[in-house]
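As the structure lists them, so they are numbered: ligands from 1, and atoms in each ligand from 1. In this chain, residues are counted from 1 in sequence order.
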Amino acid sequence: EKGGYRHFMLKEIYEQPRAMADTLAGRIREEAGDIYLEDLNLDDETLRSMDKVNIVACGTSWHAGLVGKFLAEKLARVPVEVDIASEFRYRDPIVTPRTLTVLISQSGETADTLAGLREAKGKGGKVVSICNVVDSSIARESDGVIYTHAGPEIGVASTKAFTTQLVALVLFACKLGRVRGTLDENECRLLGEELVKLPRKIEEALEQDAAIEEVAKLYMNASDFLYLGRGNQYPIALEGALKLKEISYIHAEGYPAGEMKHGPIALIDEHLPVVVLLPNNETREKVISNMQEVRARAGQVIAITDLDDSLVRDNADHVLTFPGIRDELMPVVLSVPMQLLAYHIAVLKGTDVDQPRNLAKSVTVE
Ligand code: F6R
């Protein structure tokens, strides 16, 4: 049942090109330059009337939500707040009939996320969920659903569910942008064309597996890791750190790169590997200067990038290179090395990768 893979987690990492293609299937209307979400159940008029979006989730799904904020604000120009469900449900959140609350949950059964849904609905807001399990509690109680078609996820550490959530959020942000008039037909068509390329890009990213394993061997005995990213890669830094903590039991922190000098820089010495997400976008120079700050304090920089040039080489100890794609989709591509680095370190350490200690796949109690 592991299909020849050593662990479910590895199998699921490798299933991502297929999972992504399934999540996209039938949803891109190329000719119309539009997106079709079959179970959204909210008409254009209702969607247009929303003046705020709340995204509510836990754990890895919350990280997807943080990327969702960038997407919806950029493509639909709507204010987005992202909350951890256990915080949202208890803080008397501001929800009006013009608030759209988006719950993200792989299992569709997470207790706090379900309670967040009920809180938003109880206040008269509209509720859409992004779920992987058909007919789960969260899916059933939502006004509309965008299903991710990742297929069953067995490994406790979420991988393909996360990247398909990111894809679903791109589709949703495009849809919202079309309805609100902030994304024109042509731009939507271009984004659709890029989305279609994504499964192939992920296959190419997976080809770096052996190179990532080599880096894992060098750092498997570190006691702490720092992950840095800016903009839409900041949530991917958080996700990389969470994956490592969960399955290798190594302490790791994710930080927005620009925040490093406000505290975590004190941690840096020759024993600290720093994983830096370096997409080729307008943040690049800023991130490179953060790498220089790390190296000036003898920290070890592992750069994860889609542009391997002398500037990166001169400022990193290791460079892992991945295919480039439109910036909105780069968080999906760079999630792959986050997963594989954690996976290989955990395997080298001999932990129970698929069933890490103290964790459950579905958290149905608060
Ligand atoms: C991390 C992980 C958890 C879940 C969280 C929410 O790898 O799997 O952090 O993301 O428990 O679960 P769902 O998405 O089922 O609501």
Working note: Tyr14 + Tyr5, criterion ring pair (Phe, Tyr, Trp, His ring centres under 6.0 Å); need CA distance, chi angles, decisive distance, verdict.
CA-CA 9 Å; Tyr14 274 83; Tyr5 290 96; 5.5 Å; yes
Examine the side chains of Glu109 and Ser362 and answer whether a donor and an acceptor come within less than 3.5 Å of each other.
no
Please determine whether a side-chain nitrogen of the Lys or Arg among Lys160 and Glu15 lies less than 4.0 Å from a carboxylate oxygen of the Asp or Glu.
yes
Between Gln300 and Tyr219, is any side-chain donor less than 3.5 angstrom from a side-chain acceptor?
yes
Check each atom of ligand 1 against the heavy atoms of Thr60 and keep those under 4.0 Å away; list them by number with element.
1 (C), 2 (C), 7 (O), 9 (O), 10 (O)
Is ligand 1 less than 4.0 angstrom away from at least one heavy atom of Ser362?
no
Closest protein heavy atom (residue, atom, distance) for atom 1 (C) of ligand 1:
Glu246 OE2, 2.9 Å
Val156 touching ligand 1 at heavy-atom level, < 4.0 angstrom:
yes
Residues Ser158 and Glu153: side-chain donor-acceptor under 3.5 angstrom:
yes
Are Asp224 and His251 linked by a side-chain donor-acceptor pair shorter than 3.5 Å?
yes
Gap between atom CG of Asp83 and atom CD1 of Ile55 - 0.5 Å precision:
10.0 Å
What do you reckon, does Thr113 have a nitrogen or oxygen under 3.5 Å from a nitrogen or oxygen of ligand 1?
no
Show which atoms of ligand 1 fall inside a sub-4.0 Å distance from at least one heavy-atom site of Ser105.
13 (P), 14 (O), 15 (O), 16 (O)
Under 4.5 Å between side-chain heavy atoms, hopping through other hydrophobics if needed: is there a path connecting Leu242 to Met338?
no
Regarding ligand 1, does Lys361 bring an N or O atom to under 3.5 Å of one of the ligand's N or O atoms?
no
Taking 4.0 angstrom as the limit and counting only heavy atoms of Ser158, give me the atoms of ligand 1 inside it, by number and element.
7 (O), 8 (O)
Looking only at non-hydrogen atoms, the one of Thr110, Ile138, Ile104 nearest atom 13 (P) of ligand 1 is Thr110
Counting both backbone and side chain atoms, is some N or O of Lys243 under 3.5 Å from an N or O of ligand 1?
yes
Taking only heavy atoms of Ala157 into account, list the atoms of ligand 1 that are under 4.0 Å away from them.
7 (O)
Minimum-distance protein heavy atom relative to atom 11 (O) of ligand 1:
Val363 CG2, 4.1 Å
